[in-house]
Structures are given as C-alpha cells and as structure tokens.
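In what follows, residues are counted from 1 in the order of the sequence shown. Both counts, for ligands and for their atoms, begin at 1 and track the order of listing.
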Amino acid sequence: MTEISVPKGLVGVIVDKTAICTTDAEGNLVYRGYKTVDLVSKKTFEEVAYLIVHGDLPDRNQLKEFNEMLVKNGEIDSRVLKVIDLLKERDIMKNLRSMISLYPYSTADASHMLPEIISKVPGIIAHSYASVTGKKVGNSDAPTYSGRFYQMITGNSDSRKSEFLSKLMILYMEHEFNASTFVLRVAASTLTDPASAFTSALGTLKGPLHGGANAEILDFFKSFRNEEEAVKFVDSQLESGKKVMGFGHRVYKQKDPRAQLVKQLMKELNPDSKELRIAEAIEARVWEKKHLPANLDFYAAILMDQLGIPQDLYTAIFAAARVFGWWAHYEEQLSDNKLIRPSSEYVGKKDRVL
Ligand code: COA
C-alpha cells in the first residue's frame, strides 16, 4: 500500500463522491442539481427534505405520505419523556444526543430506523426545552415536520414566522462533507446502526467551530447599541487574536451564499431593523480587516432572534434540519461502502526500553 500525506484538517482533499449537494462555479449552494436560492423561494421544507433523501422532488401523493410518516412517528416514548424530565438538562444538544443514543426504545425494524429517528427530533428538542423552562410544549397540530416543530418550540402558530424558520432550515439541511456529516459517514462505513451514527454526528455538530457557533453569536451581538460599538468590538477581537464567531468558512472564502440568502430573509421580515444595520457593519468590518465572509450562522442567529426563538435552541434547530442530510449520506455511504480508516504519521517517542 502506498501512503500519501494530505494537508492538516483535510483542507482541499476530496475523500469520496456524493450526488447530494455541492457548490457550483458561481458560488451557489446546490441540492441534487437545484439551486437552494430557487428551492427556498419556491418549495417547502418537506419538499426539499424529500428531494435530499430520495433524489427527486415529490409528487403530491409522495409528499402527503412523507408528511404523514414524519408526523406519525413523531411521538416520543413515555420513558424517554420521563428521563428528559428527570434530567432537566439545560444543554439541549446534549439532551438530543443522549436521547437519540437510546434509540430504539423498543425493538425496531432496521429499515425504518432512519425516518423514525428523524421524526422524533422535534419532540425531543421541544420536551427538553420545556423541561428546563417549565413552559408547556406547544400544540402540534400542524401537518408538517417544520410546522409542528415551530409550534412545539414557540407555543404559537404564527404562519409567517413559521415559514421564515422553515426557509432557514432548508439552508441548514445539507452541506456535503462538513464535519458532522463526515463523522456520520465514518460511523456508517463501520456498518454501525443509524442511531449510533446519528449520535456521533450530533456530538460533532455541537462543537463551537461547527453548529455550536450559532448559539454564541447573540452573546456579543445583543450588547451593541449601534454600529460604532459593533465595529469597536470587532477591532478589539481581531487585535487580541480572538475569533469573531459567525465568520470564516472552510469552503466559502469570498461569500457564503446561505448567509446572503438569510440576510435577504431578514430584509423581508424587517427591512429597517437596527439589527440588520449593525450586522452589516460587522460584516463589512471583518471583511475589511481579515477578508473573512459572514457565514450562515451569523445571520441565522440574528434572524432566529427576530423570530422570537430562544438562543438555547439555535444549534438544535440546525440539527433538526441537518438530520435529513445525514439520512441521505448514511444511505449513500452504504450504497457503495468502504471502511473509512486513514493512516497517520507517527511522531512519538521511539525505541524506549523498560
Ligand atoms: N475570526 C477571526 N479570525 C478568523 C476567523 C474568525 N471567525 N475564522 C478564521 N480566522 C482566521 C484564522 O485564525 C486564520 O488566521 P491566520 O492565517 O492568521 O492563522 C485564518 O483566518 C484562516 O482560518 P482557518 O482557521 O485556517 O480556516 P478554517 O477553514 O480552518 O476554519 C472555521 C474555518 C469555520 C473553523 C473558522 O473560520 C472559524 O473558527 N470560524 C468561527 C466559528 C464559526 O463561525 N463556525 C461556523 C462555521 S459555518
């Protein structure tokens, strides 16, 4: 076997093929051949989820069955609800990871495990949040995954806000070999079960350099009263060698197309907001000083705040969308599997004698 060395962090290394998602030459994010900018404006979250998982957009019956399947399997086992109530864990991602790791809660048919796990994600998130806030889980009578999710976590059925969240979730749904998806594919390549692979991916998504970034942005953003204060903060972060969360990306070095789409959504929702002006001032300053683009998480956090969604839920919302990408990647990995097991260069001590 000839071994090759690749750059640290696998920067710029193509490790396998995928037919699910890519970025085209113009910098558009593309799902199964369709530009996300078109999908966000013309299709629902569930239509796009079906597309990601099955490869084509659904017809009316296929969409109906898909929605019914996600709603039908969404109920959470009462023993799991008891554990959630007992733990009252503030970290919603930790709770989601733990409750998915317990799945199946009773014997399950392996062929149904993927959709069943995914259907339970909104309920686990909503119950976890309710257990720490003491608020009730909102009614969940909407007929769709994203609509029910919005109702359960916010307790209201404002259809306009629900639609904005589902558009944001389309953009969070899939992003080829990002860290959590790659981890899921490594796990799948060992032929482990879907719940174990999803648990690995959830643990990875939670990290602040990945999905966890969106939960940290409001920590600084909310304190700014105007653009000047925001720019001062950026300067002091960069001068002291610290990162500005919500900036930079492994793939997008000029512009993150998802961030720009979310900015458009913010403009539609609230065109004259102070938050939008401050966000654009931060974006311009980080670009001027470091040539780093705002990423999806930067604008997503501010949009979610404007939609009245509590900060504790941001990374979990990312997860509730990305699980459809993971479903597709789990199946794609197994459709042409080879164990993912790289080599390493040993740099430790040698020839030690006891
Ligand atoms: N703020 C300030 N500087 C940053 C930065 C940020 N958010 N992101 C990257 N940089 C700097 C790095 O320190 C590095 O500087 P150097 O060349 O002087 O050492 C340079 O920009 C290149 O960054 P690098 O870490 O090599 O990029 P990467 O591709 O390995 O990392 C991220 C990508 C996403 C991990 C990185 O940009 C980051 O940590 N961003 C903040 C967290 C975040 O928003 N994550 C969500 C991603 S969608």
Asker: Specify whether Tyr103 and Tyr105 have parallel, tilted or perpendicular ring planes, treating 30° as the upper limit for parallel and 60° as the lower limit for perpendicular.
Answerer: perpendicular
Asker: Is there a protein heavy atom less than 4.0 Å away from atom 37 (O) of ligand 1?
Answerer: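 It does; a protein heavy atom is within 4.0 Å.
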Asker: With atoms numbered from 1 as shown, which atoms in ligand 1 lie under 4.0 angstrom from a non-hydrogen atom of Asp297?
Answerer: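 Heavy-atom distances to Asp297 below 4.0 Å select 46 (C), 48 (S).
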Asker: Tell me whether Asn295 has any N or O atom under 3.5 angstrom from an N or O of ligand 1.
Answerer: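 Between Asn295 and ligand 1 (N or O atoms, distance only) the closest approach is under 3.5 Å.
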Asker: Does the protein put a heavy atom under 4.0 Å from atom 14 (C) of ligand 1?
Answerer: no
Asker: Within the 4.0 Å heavy-atom shell around Gly246, which atoms of ligand 1 are there?
Answerer: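 Ligand 1 atoms under the 4.0 Å threshold to Gly246: 43 (C), 44 (O).
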Asker: For residues 197-206, run the donor-acceptor check on the side chains, cut-off 3.5 Å, and write out each pair with its distance to 0.1 Å, sequence neighbours left out.
Answerer:
from	atom 1	to	atom 2	distance (Å)
Thr199	OG1	Ala195	O	2.6
Ser200	OG	Ser196	O	2.9
Thr204	OG1	Ser200	O	2.9
Lys206	NZ	Asp91	OD2	3.2

Asker: Under the 4.0 Å line, does any protein heavy atom show up next to atom 46 (C) of ligand 1?
Answerer: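 So far as the 4.0 Å threshold goes, atom 46 (C) of ligand 1 is in reach of a protein heavy atom.
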Asker: What's the shortest distance from atom 27 (O) of ligand 1 to any protein heavy atom, and which residue and atom give it?
Answerer: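 Answer, as residue, atom name and distance: Lys253 NZ, 4.2 Å.
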Asker: Gln151 and Asp141: side-chain donor and acceptor closer than 3.5 Å?
Answerer: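 A pair is found: one side chain offers a donor N or O, the other an acceptor, under 3.5 Å apart.
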Asker: State which residue, out of Tyr50, Phe66, Tyr145, fulfils the ring pair (Phe, Tyr, Trp, His ring centres under 6.0 Å) condition with Phe45.
Answerer: Tyr145
Asker: Note the single closest protein heavy atom to atom 16 (P) of ligand 1, along with its residue, its atom name and the distance in Å.
Answerer: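 For this ligand atom, the closest protein heavy atom is Lys290 NZ, 4.3 Å.
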Asker: Output the list of atoms in ligand 1 that are nearer than 4.0 Å to some heavy atom of Leu209, sorted by atom number.
Answerer: 39 (O), 45 (N), 46 (C), 47 (C)
Asker: Given the protein's heavy atoms, is any one of them under 4.0 Å from atom 34 (C) of ligand 1?
Answerer: yes
Asker: For atom 9 (C) of ligand 1, what is the nearest protein heavy atom, given as residue, atom name and distance?
Answerer: Leu292 CD1, 3.9 Å
Asker: In a check of side chain to side chain contact (heavy atoms under 4.5 Å, CB included) between Ile282 and each of Phe224, Trp287, Phe233, which one passes?
Answerer: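 Single side chain to side chain contact (heavy atoms under 4.5 Å, CB included) partner of Ile282 among Phe224, Trp287, Phe233: Phe224.
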Asker: Is the closest protein non-hydrogen atom to atom 18 (O) of ligand 1 under 4.0 Å?
Answerer: yes
Asker: Heavy-atom contacts with Leu238 under 4.0 Å: which atoms of ligand 1 show up? List them by number with element.
Answerer: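 Selected atoms, number and element: 2 (C).
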Asker: Below 4.0 angstrom from a heavy atom of Ala213, which ligand 1 atoms are there? Numbered from 1 as shown, please.
Answerer: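 Listed by number with element: 43 (C), 44 (O), 45 (N), 46 (C).
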Asker: Dump the intermediate steps for side chain to side chain contact (heavy atoms under 4.5 Å, CB included) on Ile153 and Ile317, then the final yes or no.
Answerer: CA-CA 10 Å; Ile153 57 175; Ile317 286 169; 4.0 Å; yes
Asker: At what distance is the nearest protein heavy atom to atom 41 (C) of ligand 1, and which residue and atom is it?
Answerer: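 Ranking protein heavy atoms by distance from atom 41 (C) of ligand 1, first comes Phe247 O, 3.4 Å.
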Asker: Determine the sole option in Trp326, Tyr314, Phe318 for which the ring pair (Phe, Tyr, Trp, His ring centres under 6.0 Å) test with Tyr172 is passed.
Answerer: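 When ring pair (Phe, Tyr, Trp, His ring centres under 6.0 Å) is applied between Tyr172 and each of Trp326, Tyr314, Phe318, only Phe318 qualifies.
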Asker: For Lys253 and Leu292, indicate whether the former's side chain and the latter's backbone hold a donor-acceptor pair under 3.5 Å.
Answerer: no
Asker: Gln306 and Asn270: which non-hydrogen atoms are nearest, and at how many Å?
Answerer: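 That would be OE1-CB, 4.0 Å.
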Asker: With heavy-atom distances below 4.0 Å as the criterion, list the atoms of ligand 1 near Arg250.
Answerer: 28 (P), 29 (O), 30 (O), 33 (C)
Asker: More than 12 non-hydrogen atoms from neighbouring residues, nucleotides or ligands closer than 6.0 Å to CD on Glu68, yes or no?
Answerer: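 Yes, because the 6.0 Å sphere around CD of Glu68 holds more than 12 heavy atoms from other groups.
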Asker: For atom 22 (C) of ligand 1, is the nearest protein heavy atom under 4.0 Å away?
Answerer: no
Asker: Evaluate the criterion salt bridge (charged side-chain N to carboxylate O under 4.0 Å, His left out) for residue pair Glu280 and Lys267; output intermediate values, then yes/no.
Answerer: CA-CA 11 Å; Glu280 287 188 311; Lys267 285 184 178 165; 3.4 Å; yes
Asker: So His175 and Tyr252, would you call those rings parallel, tilted or perpendicular, with 30° and 60° as cut-offs?
Answerer: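 Geometry flag for Tyr252 against His175: parallel rings.
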Asker: Give me the residue, atom name and distance of the protein heavy atom closest to atom 1 (N) of ligand 1.
Answerer: Val244 N, 2.9 Å
Asker: Please compare Lys243, His210, Met245 and report which has the shortest non-hydrogen distance to atom 25 (O) of ligand 1.
Answerer: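 Answer by nearest heavy atom: Lys243.
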